[in-house]
Amino acid sequence: MAPASALAREVPVRVRGVSYSYENGPKRVLDNVDLTLRRGEFVVLTGHSGAGKTTLLTLIGAIRSLQDGAINVLGLELGGRGTAAQEEVRRKVGFIFQDHNLFAALTVFRTLWLATGLTEEPPSREAALEEARELLEQLGIGQHLHSLPRQMSTGQKQRVAVARALINAPQLILGDEPTASLDHQSSQMVIGVIRRHLAATGASALVVTHDDRIFGMADRVLRLQDGRLVSDT
Amino acid sequence: MSPSIARPVLEWFRDLVGAGRPDRGLGLAFVSHNRGRLAAATGGIAMAVLVMFVELGLLQAILGSQSALAGLIDGDLVIMNSARTNLHEWTRIARIRLAEAAAVRGVANAMGVYESGMLLRNPPERRVHRIIAFAMDGQTQPLKVGDPDTVRRALSRPSAVLFDRLSRDIYGPISPGRTIELDGRSFNVAGFARIGPDIVMDGAVVLSDGAWLSADPNAQPVMGVLRLAPGAKLEDVRARLKVAMPPDVAVMTPREIYWREVGFTFRSVPIGIIFGAGVATGAFIGAIICYQILFNEVVDLKKELSTLRAMGFGPGFFRRLILEEAYLLAAGGFLIGLLAALITYRFLAGATGLAMQMHAGAALFVAVATGAMTHLGGLFAARHLGSFEPAELY
Ligand SMILES: Nc1ncnc2c1ncn2[C@@H]1O[C@H](COP(=O)(O)OP(=O)(O)O)[C@@H](O)[C@H]1O
Ligand SMILES: [Mg+2]
């Protein structure tokens with residue numbers, strides 16, 4: 001199936017006619033959304049609070065099950081709850097959660113090493129240690145390799161979450177406000193690391209943010225409004 | 001251990017604790033993170049382990065002490081009244097059976113053992129206490145009740161008795177040189193025997209068969225202990241005895257008597273059921289405790305576990321994580337419970353006079369039961385993991 005896989009390579013995310021409503025929610029949070037992400041693209045998703053950005057991102061990341069429409073991620077067609085495709089997409093996507101969601105019991109390195117266990121051929125502990133050190137260096141938290149979450153500030157934890165999403169060199173990065181708790185300089189640093197990863201590997205990124213200084217670094221800016229996507233640029 | 005075995009064992013252990021694998025060995029980190037809960041969890045499991053050990057220990061001690069007499073028999077075969085279904089019942093055989101058995105080809109020696117309850121008075125105390133009295137020939141000694149020389153010397157005198165040093169201390173101080181009364185007759189304590197009390201008898205004395213028969217010339221033995229002639233085959237002799245003896249005489253080996261006694265105690269007295277139920281209850285409580293702990297763990301870590309699921313870890317990973325935690329708690333709980341049990345055994349042995357011993361078999365049984373109960377608790381707790389969408393972590 002050469003054409004299909006070639007398509008998947010060039011279009012890592014294809015969202016068609018996706019609608020979503022919460023059981024106890026009043027209206028449709030997403031209303032017939034279409035979205036395509038091309039290889040190597042860095043796309044920013046914005047919109048007012050409660051617009052449905054997180055809902056859309058979690059649907060693409062396969063951590064929320066589809067209700068209506070179709071989503072193809074990295075060549076895998078996402079379906080309902082508990083399908084094998086869901087788990088595979090989760091493994092292949094680097095997801096940065098709105099909250100850092102670190103593990104209180106695990107050090108930074110243990111967290112990153114754990115993440116490498118999701119790949120088909122996990123690196124040795126030593127190789128993982130090298131990779132982790134380098135990545136944390138780039139993110140400006142190299143001194144925290146063996147720290148526990150409670151020994152770090154919110155901004156530092158947020159950057160560990162970014163490192164966790166990047167350690168397996170994913171083909172797709174989904175970031176839910178990854179710079180929300182960072183100052184401007186750190187935000188620039190994190191976005192810079194993500195951009196360099198895209199440039200080096202041809203991966204794509206869809207990042208939710210309110211920070212208009214980041215808009216300028218993006219290839220495209222999309223806005224969610226009343227459950228519909230409107231293009232900004 | 002040879003290196004060829006050591007390597008796979010080491011690797012198995014490394015794999016078990018997760019060294020070298022990124023997605024293994026997290027149980028230790030998670031389980032030890034919350035010290036308070038760790039203490040409560042291991043304490044709870046240790047409690048269940050202790051309950052199982054105590055129930056099992058008492059059961060074993062009672063079965064062992066009830067059958068202890070069988071272990072004292074120093075012979076190859078025993079003849080008893082076939083109506084005597086257990087050793088605490090004194091259905092006797094006619095004394096003539098001893099001579100008849102001795103006449104069977106292959107039997108070298110047939111020795112009578114007499115047994116009865118007596119009332120012991122330990123002057124100057126006025127009260128009497130019931131005690132079990134054994135009588136046998138001090139030269140041949142069909143029961144091994146102590147140092148053979150002491151026993152031989154003591155039983156050569158008709159008015160001498162050996163006092164069971166393991167008797168419960170209700171009889172007051174009794175030591176060699178003292179004079180005690182048995183059923184109103186005075187006896188001189190010539191030394192100590194080692195028999196041990198059980199749930200029926202509190203203590204024992206041993207006297208010579210001569211003294212026994214002089215008090216009651218018509219006394220009948222409770223059993224005859226037979227020793228075989230050199231070269232005689234046990235099964236051949238047994239077959240000949242069966243022919244020679246009337247049908248109301250049973251022929252058994254001491255080992256058969258021992259196991260028949262264990263079986264009888266287990267069946268007839270409700271202790272088998274009571275203690276068996278106690279062990280099962282301990283295991284059940286342990287499983288529930290373990291489930292509760294691990295379920296709380298799952299609830300408390302819901303956000304972290306959801307994150308792990310969102311990252312792409314599958315059901316196998318979570319089952320292993322929870323089971324890793326379960327086994328660590330089980331191991332900790334077992335060791336603490338074992339220690340507590342050893343201390344409790346000493347205390348109970350002192351209080352009851354029963355031989356409370358930690359047997360390897362019992363320890364293995366409790367270890368397996370602990371592993372099984374935590375495994376079960378872990379599996380049930382792990383079922384809750386699949387019940388929510390990872391996005392619910394938001
Ligand atoms: N679990 C939920 N149950 C019910 N309503 C929800 C739930 N999660 C989000 N919502 C609602 O759906 C809408 C979109 O939420 P979300 O996707 O988180 O928006 P955003 O990330 O853009 O702020 C909001 O109105 C929010 O209140
Ligand atoms: Mg949001």
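Note on naming: letters A, B, ... go to the chains in the order of the sequence lines (proteins, then strands), and numbering restarts at 1 for each one.
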Which region of A/A104, side chain (C-beta onward) or backbone (N, CA, C, O), has a non-hydrogen atom less than 4.5 Å from a non-hydrogen atom of chain B, or is it both or neither?
both

What are the two closest non-hydrogen atoms of A/I167 and A/A115, and how far apart are they?
CG2-CB, 3.7 Å

Return the option, out of B/G314, B/A29, B/G312, with the maximum number of heavy-atom pairs under 4.5 Å with chain A.
B/G312

Under a 4.5 Å heavy-atom cut-off, does chain B meet the side chain of A/L102, its backbone, both or neither?
backbone

Flag the pair A/R223 / A/L229 as yes when at least one side-chain heavy-atom distance between them is below 4.5 Å, and no otherwise.
no

Checking A/R164 against A/F103: charged group under 6.0 Å from the ring centre and within 45 degrees of the axis?
yes

By a 4.5 Å heavy-atom criterion (distance strictly below it), what part of A/L106 contacts chain B: side chain, backbone, both, or neither?
side chain

Can you check whether B/F347 reaches B/Y345 side chain to side chain, under 4.5 Å on heavy atoms?
no

